[in-house]
Each structure stands twice: as structure tokens, then as C-alpha cells.
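This is a predicted model, so every value here is computed, not measured. First the proteins, then the strands, lettered A, B, ... as listed; each starts at 1.
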There are 2 protein chains.
Amino acid sequence: MPKNCNFIEKLREVGLRPTKQRVKMCEVLYNREKTFHFTINDLVKLLSEKMNQKISLATVYNTVHAFEKKGYLKEISIDSHKSYFDTNTSAHHHFFDEDTQELIDCDENDIDKINIKKNITGKKINSVEVLVRVASDNQTQK
Amino acid sequence: MPKNCNFIEKLREVGLRPTKQRVKMCEVLYNREKTFHFTINDLVKLLSEKMNQKISLATVYNTVHAFEKKGYLKEISIDSHKSYFDTNTSAHHHFFDEDTQELIDCDENDIDKINIKKNITGKKINSVEVLVRVASDNQTQK
DNA sequence: CAACAGTTTAGAATTATTATAATGTAGATT
DNA sequence: AATCTACATTATAATAATTCTAAACTGTTG
């Protein structure tokens, strides 16, 4: 498994011990063509079902949050009941398909740069996030 | 209390029975100069402490969600742990002050109209929301 | 390869939200 | 104004999501 070596180094870089649980998590998260959007639940299921890795919920929470704090994952909050993490940590925006509950990345050409004219004294801008909610045309709006 | 008559009518219009709990809630929510941003917790506290109205948590949840469904309140989800409601239901964007955990309305001059170039076939756009996170200049970023 | 600090784990605790079922009440009917 | 009925409110229980805890375990360092 030559790829796992990268994960081990990646984990070390961020100050996390490369345990086998964390390496498995990295495989699930980062061994992908496209960026990955998931809820904690999705991730636990994937780990246990697809990867055959029984891993404690607490560990998943702890590690996901460690990744997030270190900037290896980004949180996108849809509503009070649904929160996703995104392996694409660059500044970018999202579509959310309310029919399929699917989160879709925008690339930088999809939305013009946001121009913010107001500034709040003494405060700097940490992030600017756009969420575009879409649903099929013939459906009642949320 | 002439103002409460408005609330009673407002409630009727949306198909909600104007019970005294709901009228009190309306007073708290809509008897204001500015729009009001609150969490369920904030609202319960306000009702019990300032308005002296002991009101069941379940009722607050039910009624807030009824208002939201009817379009009298708008939900803004900050992260998995913090969700606000906004009495300003027009399309508008927000600043979120990470120091004070305060939500601030943008008016339409603060941010240029968002231009979305991508469209997803068969889907219509329900809403476009921008959240600008700010924090004091001399503080570590979230 | 021993020792230590960080990690994992199951399960308990906490918090937020929703469901339930008994009681209460607004509004229509008389 | 008394009565009725459907909808509301309430306290409490149930559920769900997340965090805490304490004991067992395991990378890492020397």
C-alpha cells in the first residue's frame, strides 16, 4: 500500500498519530477522484460496511474534528439537522439539492467573486460562503 | 393593547390560532425596531424572564417551526451547534461575528447581487444565501 | 523492548429536538 | 352564555446527535 505512506505522513504533519483507524479514515476520505461530501453518519457506515473497519463513533467524531481544526476538512451546515464535511478545503461555494439532500461543489467559474462593500470595524473577514438551494422545478418550495 | 390585535390577525392569516402563548411570542418577536436574530434558547429565556410567560419548550419549537414553514421566520444555520432564526424574511445575507456569536443582517447595498452562472438541469433555485464570518483582527482564525 | 503519552473504545452523560397523551382553551354552534 | 369540538399546551418521555469518561491499548521515543 504505497498510498497509505502518504496518509501516514499527512497525519504526522498535522500532529496526529497515524493509527490504523486514522489511516483507514484517510483512505476513505482522500483516496478519491472527486471531493467527498459526507455526514458523520455516512462516514461511519462507509468505514464499517465498505472498509470492514469497525470504528468507534467517538473516534470518528474526534478525528473528523481534529482534521477540521487543522484545515483538512471543511464543515458545511445545511440546517440545524444536517451538517456535511467536505474534503475540498479551498474557498468555494455549494449547491444543495433539496430533493436528494446532495451537496454539490461550485467551481470558481460558477459564481462570480462576491464583492462585500460593508466592513465591520476592527473585524476581518474569515470566510465568505454561498449556499444555493435548488429543488426540482415541479415541487413545492421548502 | 392595540398592537396585539395585529398579532391576532397576523396569526389568523397564517392559519394559526391566536392563543395567548402565541400572541406573547409575537410580541417578543415582532414588537421591535430592528429585525431580531435568536436561537430557540434565547427565545425561551426572553419569554420567561422578560415577559414573565412560562411557556413550554415544545410549544416554542412547534410555533417557531410553524412560523418558519409559513414564511414568518427564516432559519440561518451557523454550524452544527448553532442555528438562528431571523424575523427578517426577505432575501438577504448575513455577517456572523465569531467573537460575540452575533448575527448581523446585510442590507442589499452591502453585497452585490450574486450572479450564478451554473444551472442544474431540471432544478430551480430556491434561495441563495451568503454568510460572511468575521472575527476581531488580532485573533486566531477558527 | 520498556515506558509513556496519546488513542481507542464502550458506554454513560449531555444537549437539542420531537413525540405522546392528558388536560386546557379558542371559536363555532346553539 | 353554556356547550362542543378541534386544535393547543403542557410535562414528560423518547429519540438523536454529540461529547465525556475511564479503562484498556498502542505508536513512538529512547
Exercise for the section: May I ask you to verify if any side-chain N or O of B:R22 is less than 4.0 angstrom from the OP1 or OP2 atom of D:dT9? Expected result: yes
Handout entry: Whether over 12 other heavy atoms sit under 6.0 Å from B:K117 NZ
Key = yes
Fill in the blank from the handout: Result for 5'-nearest mapping on DNA chain C, choosing between B:N62 and B:S83, is B:S83
Exercise for the section: Report the nucleotide, chosen from D:dT10, C:dT7, C:dA10, that has the shortest atom-to-atom distance to any side-chain atom of B:S56. Expected result: D:dT10
Problem - Side-chain H-bond candidate by donor/acceptor type, A:D110 with A:H92, under 3.5 Å - result: no
Problem - Phosphate OP1/OP2 of D:dT19 contacted by A:Y61 side-chain N/O (<4.0 Å) - result: no
Practice task
Using heavy atoms to find the nearest nucleotide of DNA chain D for B:G15 and B:S80 separately, return the residue whose nucleotide is more 5′.
Solution key: B:G15
Practice task
Answer yes or no: does a side-chain N or O of B:Q21 lie under 4.0 Å from OP1 or OP2 of C:dG24?
Solution key: no
Practice task
Taking only the side-chain heavy atoms of A:A58 (C-beta and beyond), determine which of D:dA8, D:dA17, D:dC20 contains the nearest atom.
Solution key: D:dC20
Exercise for the section: Rounded to the nearest 0.5 Å, what's the gap from CD1 on A:I78 to OG on A:S83? Could you check? Expected result: 8.0 Å
Practice task
May I ask you to verify if any side-chain N or O of A:H65 is less than 4.0 angstrom from the OP1 or OP2 atom of D:dT18?
Solution key: no
Exercise for the section: Identify whether any heavy atom of B:K54 sits under 4.0 Å from a base atom; if not, whether one sits that close to sugar-phosphate; answer base, sugar-phosphate or nothing. Expected result: sugar-phosphate
Fill in the blank from the handout: With the side chain defined as heavy atoms from C-beta on, A:K20 is closest, among D:dT18, D:dT9, D:dT26, to D:dT26
Practice task
Run the salt-bridge test on B:K123 and A:D137 with the 4.0 Å N-O cut-off and return the result as yes or no.
Solution key: no
Practice task
Could you tell me whether B:L57 contacts a base, only the sugar-phosphate backbone, or nothing, with contacts defined as non-hydrogen atoms closer than 4.0 Å?
Solution key: base
Exercise for the section: Classify the side chain of A:R17 versus the base of C:dA5 as yes if they form a donor-acceptor pair under 3.5 Å and no if they do not. Expected result: yes
Exercise for the section: Please answer: with hydrophobic residues joined when any side-chain heavy atoms are less than 4.5 Å apart, are A:I55 and A:L73 in the same cluster? Expected result: yes
Exercise for the section: Could you check which of D:dT10, C:dT18, C:dG27 has an atom nearest any side-chain atom of B:P18? Expected result: C:dG27
Practice task
Pick base, sugar-phosphate or nothing for B:T19, based on heavy-atom distances below 4.0 Å to the nucleic acid.
Solution key: sugar-phosphate
